[in-house]
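Please read the structure below before turning to the comments.
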2 protein chains.
Amino acid sequence: MGTIFSTENLYTILSGRTHSAFNRALLTNFRKNNISLTKEQWTILGVLWKNEGCTQQTLADQTSTDKPGITRLIDHLEKENLVERHPDANDKRLKLIFLTPKGKSIEKEVMIVVNETLKNAIRDIEPERLEIVKETFLQIYNNLETKK
Amino acid sequence: MGTIFSTENLYTILSGRTHSAFNRALLTNFRKNNISLTKEQWTILGVLWKNEGCTQQTLADQTSTDKPGITRLIDHLEKENLVERHPDANDKRLKLIFLTPKGKSIEKEVMIVVNETLKNAIRDIEPERLEIVKETFLQIYNNLETKK
DNA sequence: TAAATATAGTTGTTTAAACAACTACAAAGG
DNA sequence: CCTTTGTAGTTGTTTAAACAACTATATTTA
C-alpha cells in the first residue's frame, strides 16, 4: 500500500515522535536534578515568570492549553505551593495567578535544566536550518488553525 | 528575565503546539467523516495495513509507543472489532495482531482523510523547506535518543 | 431595566503518555 | 538439567488532552 508515499515521513514529524522524545528528555533531566515538574507545569511557570498575576484564560491562550487543562495544572501547582489563585476585585469571574516565593525561587535552576536539554536536542544543527524549521512550523500551525 | 531568549521560539516547536494542532485537526476530520478513530489508533492501523500479523512489540517499536500503551490501544481496537490477537504457535509469549475484515475495509476512507488533513497542513510550503524540516527533526530525534 | 448573550472558570468522561511492577515464557550458561 | 537472564505482554498509577456540560458573573441590546 502506498497512499501516503510522499507525505509519510512528514507525518512522522507531525505525529509528535520528536516532541515526545523531547518531553521525555526534559522530564528525565528534571528528575535528575530533583525538580518535580512536568513539561506542562513548567510551561505555565514560564509564562508566570514573565507575566505574573495574569488570568487563567491568559495562561490558556499563551500555552495553547484548554481551560479545563489550566484549571487542573493550577490545581497541581497550588498543591505544590508554587502558585496561588487571587480573585480579582473588580471582576469576580477572574482568578489572577501569582507565584509563591517558592515558585519564584526555582526559576533559575529550572531554566538551567531546560536550556541544557534544548541545547543537547539541537546540537550540531546549523542555525539557518533551525530558522527554517521555526518558520515552517509556524506556517503549518497557522495553516491548521485557519482552516482552508 | 530572559534566560531562554535565543531558544524560546524553538522551544515552542519542540513543546508540541503544532503537533497538538495537527492532532486536533485529524480528530475533527475523522469525526466529520464518521470515522471513530484517534490519531494513535490510526497510527497502529497504519502499521498493520503494511505489515499485518506483527507482534505488539513490533507495533511499539514502529510507533514509538511503550508496551503498556500498545496493550491498551489493541484493547480498544479489538473492542471496535478492527483487529484480533492471535497467539503465536511457536512462542507462547507472542501475540500476533491481525486485521479483521472491517479493519481492512476502512483503510481507503481513512487514508483519504489523513492525506487531506496533511495536505491542508502543509499547503503553500515549499518542498525544499519541508525536506529541511524532515531532516532536522530526524537529527533532533537522534540527538535526544543518543544522549550526549 | 430585563432578557439575551458572552466570558471565566470548574467538573466529568474518554483516551493516551510515562513509568514501575508484575506474570508468563524462552534462551543461555553453568 | 536447572538456574539465571532476557523478552513479551499486562496491570496500576499519575498526569495531561480533548471535549461536553455546567455555574457564576459581566456585558450587550431590545
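Protein chains get the first letters and strands the later ones, always in sequence-line order, with residue 1 at the start of each.
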Exercise for the section: Check side-chain contact (heavy atoms from CB on, under 4.5 Å) between B:Gln56 and all other residues, then give those that pass, not counting sequence neighbours. Expected result: B:Ile70, B:Thr71, B:Ile74, B:Arg85, B:Lys95, B:Ile97
Problem - Between B:Phe137 and A:Phe137, ring centroids under 6.0 Å - result: yes
Handout entry: Touch class at under 4.0 angstrom, heavy-atom based, for B:Asn90 against every strand present
Key = sugar-phosphate
Handout entry: Cationic N near anionic O, under 4.0 Å, A:Lys119 to A:Glu116
Key = no
Completion exercise
Nucleotide by nucleotide, nucleotides 9-18 of chain C touches protein heavy atoms under 4.0 Å in the pattern (B base, S sugar-phosphate only, - none) BBBBB-SSSB
Handout entry: Hydrophobic cluster identity match, A:Leu73 and A:Leu27, side-chain contacts under 4.5 Å
Key = no
Fill in the blank from the handout: Residues passing the side-chain contact (heavy atoms from CB on, under 4.5 Å) test with B:Lys104, sequence neighbours excluded, are B:Glu52, B:Leu99
